[in-house]
2 protein chains.
Amino acid sequence: MINTTMEMLGKAPSKIREIFEYGNKRKAEVGAENVFDFSIGNPSVPAPASVKEAYLDLLEKENDVYLHGYTSAAGDLKMRTAIAEDLNKRFGTAFRPSNLYITCGAAASLKISITALFTEGDEFITFTPFFPEYRVFVETAGAKLIAVASDPDTFQIDFEKLEAALNASTKALIVNTPNNPSGVVFTEESIVKLAALLEKKEEEYGHPIYIITDEPYRELVYDDGVVVPYMTRYYKDTIVCYSYSKSLSLPGERIGYILVPDEAADAGDLYAAVCGAGRALGYVCAPSLAQHVIERCVGQVSDLSVYKTNRDLLYNSLTEYGFTCVHPDGAFYLFVKAMEEDAAAFCEKAKEFDLLLVPADSFGTPGYVRIAYCVTTEMIQRSLPSFKKLAEAYGK
Amino acid sequence: MINTTMEMLGKAPSKIREIFEYGNKRKAEVGAENVFDFSIGNPSVPAPASVKEAYLDLLEKENDVYLHGYTSAAGDLKMRTAIAEDLNKRFGTAFRPSNLYITCGAAASLKISITALFTEGDEFITFTPFFPEYRVFVETAGAKLIAVASDPDTFQIDFEKLEAALNASTKALIVNTPNNPSGVVFTEESIVKLAALLEKKEEEYGHPIYIITDEPYRELVYDDGVVVPYMTRYYKDTIVCYSYSKSLSLPGERIGYILVPDEAADAGDLYAAVCGAGRALGYVCAPSLAQHVIERCVGQVSDLSVYKTNRDLLYNSLTEYGFTCVHPDGAFYLFVKAMEEDAAAFCEKAKEFDLLLVPADSFGTPGYVRIAYCVTTEMIQRSLPSFKKLAEAYGK
């Protein structure tokens, strides 16, 4: 009598949650400083000082009814104006506030976009490894998720495999660069090739194929010369899903947006469908105070230097110990090959050294583990001997 | 190629939005003080001072990563504990934090509850007049909304009509008391009778029939002796959907909850389905800072005395001028019979006197208008001569 799909989703054991519970138990046994928890993708650096200043200033100077009142469903116009101006300055685009629909974060952006696009029989394509909730959002909308394996050495797009997966039922591709969990940034060359392939297929099938670009990690890149191409400049049928969770360290505040460029196929109808999907899914507006804060802090980022330090320390040490790992240009994850076939068994072995890692089977990539380095540098330093012992346990 | 249901929902002309635009234009012509806008249900009284204090204190004393970090998907445990304790104190219940799932407001609560319950062929019943988004939430979940006409004199439940509408496909009733737009509070007698009828029908059909009780106006009642019965005490298969939008004047912050009591049929599975539906619909958690604020302000309410003053002034004046209107015990709306058959035409006539009212056809009650009195008392005073002239135009 209850919706069993929803019931199962609610009951599905979360691997990360299980590891979290184990970590708490283990910390009580051996001391918190001796357990190295790399399981959670929660920003560890604070929001920029300007965020707190914006909150305090708004609360002290503006009246309550304005601060906490409904905004328009698409979002406060001043906030949307600030975002459009910032994007145009950074990427040479010409967006207007009417291209933007403010959301409760990237998950909401994705679910709303998928719901706005969905028609019976649709397929959505993504690339492995991928954030497991993509499957939940797509399948509960009624569509099919096709996971196309990436190049196993670089985690860039395998175009042969992609072309084989594309068909007349393909409604959209979900692209996530920098990638959770691999940290890989798709090269400009890949994006250009992707756009050309999709344009060819659009013509062949006689209908648009959208790219939904999931960009919460856009600003989290650590090397000079690494550029995350702005998708709308390469491919017109793009829907941008953004979140301030990572760039401003505000994951709990649930604030982000959907951008529908004018040049996208059926842009007007699509934007209307985004508004309609937001309404149908119960999103009245994004949190109002957070909208006013973002308006003032648009274009700023948290101090991400700790993540770069962490990445370098962990990547250099682990590869030195014999681990295999693609070099992560962005996000805050290291995606490491398990030293035995079964990643879950490898994570159990890691526990013997009090290292808490996440097996990546649900990311569509069996045989890998995700190591979230959004932790203190000091914890990473203390954990290194354990990683060394783990490698040695596998004869490295 | 786009989802046309969503596109149409996004494009559907909002009557209230149209009136808002007209009001702005008219104010520019004749001066803001000469236009009397009663169209918007946005709280006009500020949040209690304790809300601002909680925001400021949290921002000054707590660290950012805690304040703005993810909470558990079901909501921060301290917040849920505070809510359960407050409910138990006020209603003699025995809820625990595990009965609560924190949401982005009442719309999210309703959509998540409906999605958690929905199986193919389901019907959801509500009573006229009803909040038009019920139809959107139910129909886009795949179910059918049955609107049962209330007693036209009292807007209490018409049990004969309800019994005729109930059948084996009835999954749930959506009950809204105090009611938007009528302001009517269902009497305890009605609730007792409703519970008895549903229990009988549950037995007859051999499956549960849930009551989803939509309660954003619970605290907005204005007379001694008017009690809003706490539904779970009368009927075990109840799901409570609550929002702090009205009681704490925080509509833009999107914060509320779903309560699934232990005694509800399949309570464990149902709570899991609520968690699963929240996940599937893209709700990761409710806004974190607002959760911490609510934890400190649970059980408080804004100063609602202005609404009572407004209700008395408007109700007494309008009935004196010859308008017909059920006495509203709660919420902040007056539900008035149009003085001609077509409520839209009546609202056009009202515009001649610069009164902006909402025709209630979309609430399932043609021939009525909604007057939102969450405005300043002074505006109501200034508007009274216009209401008098409007009545006179109809020969009263």
Side-chain angles (χ1 to χ4, degrees), chain A residues 1-3 5-11 42-44 46-47 52 55-56 59 63-65 68-71 104-105 107-108 110-112 115-119 136-137 140 207-208 249-254 266 269-277 279-285 287-290, chain B residues 1-3 5-11 42-44 46-47 52 55-56 59 63-65 68-71 104-105 107-108 110-112 115-119 136-137 140 207-208 249-254 266 269-277 279-285 287-290:
Chain A
M1 276 301 292
I2 284 165
N3 188 307
T5 305
M6 299 305 154
E7 184 189 332
M8 290 307 125
L9 280 176
K11 285 181 178 172
N42 209 355
S44 59
K52 184 171 171 174
Y55 269 112
L56 293 174
L59 285 160
N63 85 66
D64 275 24
V65 172
H68 306 302
Y70 293 116
T71 69
C104 293
L110 288 165
K111 183 66 187 190
I112 291 170
T115 305
L117 288 174
F118 172 71
T119 55
V136 176
F137 299 152
T140 59
H207 64 71
S249 299
L250 298 173
E253 301 303 345
R254 311 313 305 141
D266 306 316
D269 294 347
L270 176 56
Y271 185 86
V274 163
C275 295
R279 186 179 165 192
L281 296 168
Y283 293 100
V284 173
C285 64
S288 52
L289 180 55
Chain B
M1 278 301 292
I2 285 165
N3 188 307
T5 305
M6 298 306 153
E7 185 188 331
M8 290 305 124
L9 280 176
K11 285 182 177 170
N42 209 355
S44 59
K52 185 172 171 172
Y55 269 113
L56 293 174
L59 285 160
N63 84 66
D64 276 22
V65 173
H68 306 302
Y70 292 116
T71 69
C104 293
L110 287 165
K111 183 67 188 188
I112 292 170
T115 305
L117 288 174
F118 171 71
T119 55
V136 176
F137 299 153
T140 60
H207 64 71
S249 300
L250 299 173
E253 301 304 345
R254 312 313 304 142
D266 307 316
D269 294 347
L270 176 56
Y271 185 85
V274 162
C275 295
R279 187 179 164 191
L281 296 168
Y283 293 100
V284 172
C285 64
S288 52
L289 180 55

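Treat the numbers as computed from the prediction; the structure is a model and nothing was measured.
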Discussion item. Let's test your reading of the structure: which of Val136(B), Thr140(B), Val284(B) forms the most heavy-atom pairs below 4.5 Å with chain A?
Written reply: Val284(B)
Worksheet item: To the nearest 0.5 Å, what is the distance between CE (Met6(B)) and CG (Leu270(A))?
Response: 13.0 Å
Worksheet entry | Segment of Asp64(B) engaging chain A (4.5 angstrom heavy-atom cut-off) | side chain
Discussion item. Please identify, among Ala280(A), Ala107(A), Ala290(A), Ser44(A), the residue contributing the most non-hydrogen atom pairs under 4.5 Å to chain B.
Written reply: Ala280(A)
Worksheet item: Quick one: what part of Thr5(B) sits under 4.5 Å from any heavy atom of chain A, side chain, backbone, both or neither?
Response: neither
Worksheet item: Distance from Leu56(B) atom CG to Leu59(A) atom CG, nearest 0.5 Å?
Response: 5.0 Å
Worksheet item: Lys111(A), Lys52(A), His207(A), Glu7(A): which one forms the most heavy-atom pairs within less than 4.5 Å of chain B?
Response: Glu7(A)
Discussion item. Contact between Cys104(B) and Tyr283(A) at the side-chain level, heavy atoms closer than 4.5 Å - yes or no?
Written reply: no
Worksheet item: Counting heavy-atom pairs under 4.5 Å to chain B, which of Phe137(A), Tyr55(A), Tyr70(A), Phe118(A) comes out on top?
Response: Tyr70(A)
Worksheet entry | Under 4.5 Å from a heavy atom of chain A, the part of Tyr271(B) involved | neither
Response to the item:
Of the listed Ala108(A), Gly10(A), Ser288(A), Cys285(A), the one with the largest count of heavy-atom pairs under 4.5 Å with chain B is Ser288(A)
Response to the item:
In terms of heavy-atom pairs under 4.5 Å with chain B, the winner among Arg254(A), Glu253(A), Met1(A), Arg279(A) is Glu253(A)
Item to complete: Among the options Pro287(B), Pro43(B), Ala47(B), pick out the one with the most heavy-atom pairs lying under 4.5 Å from chain A.
Response: Pro287(B)
Fill in: Heavy-atom pair count under 4.5 Å with chain A, highest-scoring of Asp269(B), Leu289(B), Val274(B)
Asp269(B)
Item to complete: Determine the option with the most heavy-atom pairs under 4.5 angstrom with chain A, choosing from Asp266(B), Leu110(B), Leu117(B).
Response: Leu117(B)
Practice prompt. With a 4.5 Å cut-off on heavy-atom pairs, point out which of Pro251(A), Ala116(A), Pro46(A) contacts chain B the most.
Written response: Pro251(A)
Response to the item:
Greatest number of non-hydrogen atom pairs under 4.5 angstrom with chain A, of Gly69(B), Gly105(B), Ser249(B), Pro208(B), falls to Gly69(B)
